[in-house]
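A short worksheet on the structure shown next.
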Number of protein chains: 2
Amino acid sequence: MAAIVTRKEVAELAGVSEATVSRVFNDVGPMKEQTRQRVLQAAKTLNYHPNAIAQSFARRRSGNLGVVLPYVPKVHIFSTYYFSEVLSGIGEQVKASGYDMLLKFRVPGEESDYSSIFRSQKVDACVILGATDTPSERAELKKLEDGGFPFCLINQHMSGERFNEVDADHEGGSYRAVRHLLDLGYRNIAFLSGSPEFSNSGDRLRGYMQAMREAGLLPAEAKAPGDLPPHLYYEGNYSLTSGIKAAAAMHPHLNRIEAVFASNDRMAIGLMQGLREYGHVPGRDYAIVGYDDSEAARVTDPPLTSVAVPFYEMGRLAAEQVLRRVGGGNETGGALESFSVKLDTRLVVRQSCRILR
Amino acid sequence: MAAIVTRKEVAELAGVSEATVSRVFNDVGPMKEQTRQRVLQAAKTLNYHPNAIAQSFARRRSGNLGVVLPYVPKVHIFSTYYFSEVLSGIGEQVKASGYDMLLKFRVPGEESDYSSIFRSQKVDACVILGATDTPSERAELKKLEDGGFPFCLINQHMSGERFNEVDADHEGGSYRAVRHLLDLGYRNIAFLSGSPEFSNSGDRLRGYMQAMREAGLLPAEAKAPGDLPPHLYYEGNYSLTSGIKAAAAMHPHLNRIEAVFASNDRMAIGLMQGLREYGHVPGRDYAIVGYDDSEAARVTDPPLTSVAVPFYEMGRLAAEQVLRRVGGGNETGGALESFSVKLDTRLVVRQSCRILR
DNA sequence: AAAAAAAATGTACGCGCGTTCATTATCTCA
DNA sequence: TGAGATAATGAACGCGCGTACATTTTTTTT
């Protein structure tokens, strides 16, 4: 193991005090150019690199942005379009801001003890993915907020709180998707929901129901899944497998279903695969619209109409905003307001909902 | 900002010394159960959490595994199958080992100064993705090795060095892919290569050429791309776009090409898209085999025959091995040998190379 | 040329924790 | 019951750095 070179040795070699070495590396205070060069030269000779841990310790700042990832059973989390895009966006911003990105994987059984993440001081701020709206999570997040720790939720709205949030207009996106199907003349449109503990699942449901109500296909007071005809409502958990399972449940009713709106592409693809097993071909026997506009949507057969969500930009924006709040406020002294943005979604039409009869 | 609770306050409340608090939290030394409880109670009351940065500082160990990511222009890096799977594997192991994962994004212009990553002490070990075999990178890696820092390359072999490496048998995988095409009766088989600066690109080329030589379709002394008929060799950079570009170059020669072996699925898909524009339909006008067996391979039309690579396991294994080397050796005192593993690949046959004529 | 101001550098301390060594309390066995 | 052994705890230091404050050197002003 190479011995650790400290500023003390650099100081000795350069014939200055340790403080001066520190000043050179932090670029603080007035400094004679000649001594600066001497110090830099000595540092180079000794191959000195400031110890980042010690710096963090002294500065009381780690230079890390934490990213909290949910536990997703049996799935390679980075391989899901949603997470990979969000993380790419965060990564981009983190790089631009000179931070590092520290990933925290949530462990299945464990309570999500967010505040310990901060108290441990390993991160200066954090972005939380896959938060769920449960009382215990809310309580944890409140603690974070009370502590003044900068954090931001992505794709999850906690109504009644003023947490920093970056979300997308899933309700509008879903509405437009279903409207598209309606405009094509379909009437019996089924909805394949994702896991209900995410607020954005509810958003999609609301968009779907609004479109259906407006078309006179649902009573005006229909609000909850229970208000839907059972053969039009299915529930999965955003996984491919759950889409396949939904196919088994849906297949007996397919004579009464013309089109399906699935809450993400993955489930849509699983559903298509599953229904194919029963001889139902998408784009011929039924129309289908997915959600996320993942890359897979471009290559399925038929190509999948889907709702594009700016996940990358959401990640980038969340990181940017939360890093700006590090240190408890902006440079002019005031603390920053909490922010909550909702980015637009966009329907991308492909062939999976063409009328072919 | 919530005031930071230190062990001092816990010690006072519990009526013990700071050292005792420390012992309780590190579970060292004999300890009267009663005092342990008093301390834990006091810690709970004050909501004390040890400061991870200070711990790292004192222990001279960060508890982080570094992951160095290459700069990939214009691509969302987490959204590529290869990286996302490897990262998932690393993430899994990191979680199991009680470490955190610190991502380091390489910056385009900057020299890859690996050793500074270690000297800065932010990570105890690291896994390097997308290393290239250039003199400067080799030199940097040598420095790491000389320093005794545990690191591991994934999917990149540096011949002549004894770096820790986790690789896959790309040569064998490519050989089998091309053999499959040969067995189906194809003779004019083109090769779409990836970026040559990665050793695994060369591996694929070798596998392809060996199969072709064995079939008597290339002279025995053919070794380099230059030894191939130009209409059979194309070069991309593993991106979708480069596959589309390759289609433009390949299209004029397609009357002399029966099948294509592409170095990854992404390029294969791009190629299929591109060739379709010219009216050439995969599985009808030409056969095609991809590489990686990404999820996209299952959903293309036709489904893409591809070579499965255990990326997830590679990531997991690399992390496991490198973390075992933290601290310069194993528990029994001896330093661990450097390791170099090569995992098997597997051909997954789908419909893209069926003979349909 | 002396006084005042500004620039440049040094001294010294603390950040929170792990850990060694010294000290005190408790137990064991005769 | 007392000596030795062992368990339990405390005191003190250093990890490498940032930085407030003190000191010295240089420049500017009168």
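Below, chains carry the letters A, B, ... as their sequence lines are ordered, and counting in each starts from 1. Being a predicted model, the structure only gives us computed values, none of them experimental.
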Nearest whole angstrom, please: distance from the P of C:dG16 to the CZ of A:Arg61.
15 Å
Let me know the distance between NZ of B:Lys32 and P of D:dG10, rounded to the nearest Å.
10 Å
Measuring to OP1 and OP2 of C:dG18, would you say a side-chain N or O of B:Gln55 lies under 4.0 angstrom away?
yes
For the side chain of A:Ser17, starting at C-beta, report the closest nucleotide among D:dA11, C:dT11, C:dC17.
C:dT11
Taking for each residue the nucleotide of DNA chain C bearing the nearest heavy atom, is the 5' side occupied by A:Arg7 or by A:Met31?
A:Met31
B:Phe57 aromatic ring stacked with six-membered ring of C:dC17, 5.5 Å and 30°:
no
Give A:Ser56 one of three labels, base, sugar-phosphate or nothing, depending on what nucleic acid heavy atoms sit under 4.0 Å from its own.
nothing
Shortest non-hydrogen pair, B:Phe25 vs B:Pro50, comes out as CD2-CG, 3.8 Å
Nearest whole Å is fine: how far is C:dC15 P from B:Glu9 CD?
11 Å
Specify the angle, to 10°, made by the local axes at the two ends of the helix from C:dA1-D:dT30 to C:dA30-D:dT1 when five pairs are taken at each end.
30°
Please tell me whether B:Tyr99 and B:Gln93 have a donor and an acceptor in their side chains that are separated by less than 3.5 angstrom.
no
Can you identify which nucleotide, out of D:dG14, D:dG18, D:dG16, has its nearest atom closest to the A:Arg59 side chain?
D:dG18
Please report the C-alpha distance between B:Gln156 and B:Phe198 in whole Å, then the side-chain angles of each, then the deciding distance to 0.1 Å, and finally whether the side chain to side chain contact (heavy atoms under 4.5 Å, CB included) criterion is met.
CA-CA 6 Å; B:Gln156 173 72 32; B:Phe198 302 117; 3.9 Å; yes
Would you sort out whether B:Phe151 and B:Phe163 count as a ring pair (Phe, Tyr, Trp, His ring centres under 6.0 Å), showing the intermediate values?
CA-CA 8 Å; B:Phe151 70 96; B:Phe163 299 149; 5.5 Å; yes
For DNA chain C, which residues of residues 18-29 of chain A approach it to below 4.0 angstrom with any heavy atom?
A:Ala19, A:Thr20, A:Arg23
What's the closest nucleotide to the B:Pro30 side chain, out of C:dG16, D:dA7, C:dA8?
D:dA7
